[in-house]
Amino acid sequence: MDIAYFPGCTLRASSKLYDVQSNMILNEMGIQLRELDDWNCCGATSASKTDDFLAIAMPARNLGIADHMGLSQLVIPCSACYSRMMVAQKRLEADENLKGEINGELKNEVTGETKIVSIVEVLASLVGTPEWKKKTHKYIKPLRPV
């Protein structure tokens with residue numbers, strides 16, 4: 001299974017280990033993360049504090065890239081990036097004028113067809129599946145009374 005992947009700035013800098021671990025774990029579970037081509041910062045630390053339009057436009061560009069990858073899900077490990085992308089997606093769904101204005105400037109328009117998910121949601125969807133049981137049985141140790 002392939003899932004679109006937005007690492008964001010933090011996972012490429014101070015949280016590089018989180019990026020590596022996310023890829024390793026999901027790959028082990030049979031999920032191939034396909035990073036968005038030419039992604040940009042979601043604006044969580046800058047735009048969201050200074051400019052409301054830019055705070056929607058920056059993540060919207062990434063959402064448009066994800067929508068045009070043709071995958072049903074976009075996983076975003078960073079909680080700040082996840083939040084900014086969700087806010088942008090909801091604002092664009094609720095405001096067709098804003099969506100039109102932003103889409104008018106994007107190479108890949110936002111369609112809203114890609115579901116944003118967290119690492120936890122992806123892993124939770126696997127719990128109990130044959131693949132999950134096959135891959136995790138060696139790591140799970142039953143609790144025993146003392």
Side-chain angles (χ1 to χ4, degrees), residues 1-137 139-140 143:
M1 169 198 274
D2 287 3
I3 296 179
Y5 181 62
F6 179 78
C9 303
T10 304
L11 269 70
R12 289 301 155 90
S14 60
S15 295
K16 180 69 178 162
L17 185 57
Y18 189 22
D19 179 45
V20 170
Q21 290 172 333
S22 297
N23 276 277
M24 285 176 59
I25 290 168
L26 293 178
N27 189 49
E28 178 71 20
M29 298 307 300
I31 295 172
Q32 181 66 42
L33 297 179
R34 293 187 38 210
E35 187 173 323
L36 274 60
D37 288 332
D38 194 33
W39 58 266
N40 57 270
C41 174
C42 70
T45 58
S46 55
S48 65
K49 314 281 187 289
T50 60
D51 186 314
D52 188 51
F53 179 81
L54 198 56
I56 303 303
M58 288 178 74
R61 181 178 176 275
N62 294 316
L63 292 172
I65 295 168
D67 284 341
H68 284 82
M69 289 177 73
L71 300 172
S72 62
Q73 295 181 330
L74 169 63
V75 66
I76 306 172
C78 172
S79 60
C81 295
Y82 176 87
S83 175
R84 288 308 321 149
M85 296 281 226
M86 288 295 283
V87 166
Q89 190 174 60
K90 296 299 180 193
R91 286 276 308 275
L92 294 172
E93 287 172 2
D95 188 338
E96 285 297 321
N97 291 331
L98 178 62
K99 184 177 181 178
E101 184 179 357
I102 289 173
N103 273 341
E105 299 296 324
L106 297 177
K107 177 182 175 185
N108 297 304
E109 292 185 356
V110 178
T111 63
E113 295 179 18
T114 306
K115 179 180 180 188
I116 298 170
V117 293
S118 68
I119 291 284
V120 173
E121 289 172 297
V122 174
L123 291 173
S125 73
L126 296 171
V127 173
T129 65
E131 185 69 17
W132 176 269
K133 290 177 183 176
K134 177 181 167 188
K135 299 287 184 176
T136 61
H137 79 278
Y139 303 110
I140 298 174
L143 296 175

[X] [atom1] to [Y] [atom2] distance, which is reported to the nearest 0.5 Å:
| X | Y | atom1 | atom2 | answer |
| --- | --- | --- | --- | --- |
| Arg84 | Ser79 | CZ | OG | 12.5 Å |
| Leu71 | Asp2 | CG | CG | 6.0 Å |
| Gln21 | Ile119 | CD | CD1 | 10.5 Å |
| Leu54 | Ile102 | CG | CD1 | 9.0 Å |
| Gln32 | Arg34 | CD | CZ | 8.5 Å |
| Lys115 | Gln89 | NZ | CD | 10.5 Å |

Sequence neighbours excluded, every pair satisfying ring-ring contact (aromatic ring centres under 6.0 Å, His included) that has a member inside residues 66-97: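 Non-adjacent pairs meeting ring-ring contact (aromatic ring centres under 6.0 Å, His included): zero.
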
Applying ring-ring contact (aromatic ring centres under 6.0 Å, His included) as the test, list every pair that has at least one member in residues 22-45; sequence neighbours left out.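 Found Phe6-Trp39.
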
Residues in ring pair (Phe, Tyr, Trp, His ring centres under 6.0 Å) with Tyr5, at least two apart? none

If you define the side chain from C-beta out and look only at heavy atoms, does anything of Leu74 sit under 4.5 Å from Ile3? no

Does the side chain of Leu33 come within less than 4.5 Å of Asn27's, by heavy atoms? no

Counterpart residues, salt bridge (Lys or Arg N to Asp or Glu O under 4.0 Å), relative to [X] (two or more places apart):
| X | result |
| --- | --- |
| Asp95 | none |
| Glu28 | Lys135 |
| Asp38 | Arg61 |
| Lys90 | Glu93 |

Looking at residues at least two apart in the chain, or sitting in another chain, which of them share a side-chain hydrogen bond (donor to acceptor under 3.5 Å, both in side chains) with Ser118? Glu121

Check side-chain hydrogen bond (donor to acceptor under 3.5 Å, both in side chains) between Arg12 and all other residues, then give those that pass, not counting sequence neighbours. Asp19, Glu35

Working note: Ile31 + Leu126, criterion side chain to side chain contact (heavy atoms under 4.5 Å, CB included); need CA distance, chi angles, decisive distance, verdict. CA-CA 10 Å; Ile31 295 172; Leu126 296 171; 3.8 Å; yes

Applying side chain to side chain contact (heavy atoms under 4.5 Å, CB included), can you list everything that pairs with Ala124, at least two apart in sequence or on another chain?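 Residues passing side chain to side chain contact (heavy atoms under 4.5 Å, CB included) with Ala124: none at all.
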
How would you list, by chain and number, every residue that makes a side chain to side chain contact (heavy atoms under 4.5 Å, CB included) with Ala88, sequence neighbours excluded?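 Scan of Ala88 (side chain to side chain contact (heavy atoms under 4.5 Å, CB included), adjacent residues dropped) gives Ile56, Pro59, Leu63.
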
Show your working on side chain to side chain contact (heavy atoms under 4.5 Å, CB included) between Leu98 and Arg91 and close with a plain yes or no. CA-CA 8 Å; Leu98 178 62; Arg91 286 276 308 275; 3.7 Å; yes

Has Met1 got more than 12 heavy atoms of other residues, nucleotides or ligands less than 6.0 Å from its CE?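 Result for CE/Met1: open.
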
Is there a donor-acceptor contact under 3.5 Å from the side chain of [X] to the main chain of [Y]?
| X | Y | result |
| --- | --- | --- |
| Asn62 | Met85 | no |
| Ser22 | Tyr18 | yes |
| Asn40 | Met58 | yes |

Identify every side-chain donor-acceptor pair in residues 106-114 under 3.5 Å, counting partners at least two apart or on other chains, and give the distances.
| from | atom 1 | to | atom 2 | distance (Å) |
| --- | --- | --- | --- | --- |
| Thr111 | OG1 | Asp67 | OD2 | 3.1 |
| Thr111 | OG1 | Glu113 | N | 3.4 |
| Thr114 | OG1 | Asp67 | OD1 | 2.7 |

Apply side chain to side chain contact (heavy atoms under 4.5 Å, CB included) to the pair Leu123 and Leu26, showing each step before the final yes or no. CA-CA 8 Å; Leu123 291 173; Leu26 293 178; 3.8 Å; yes

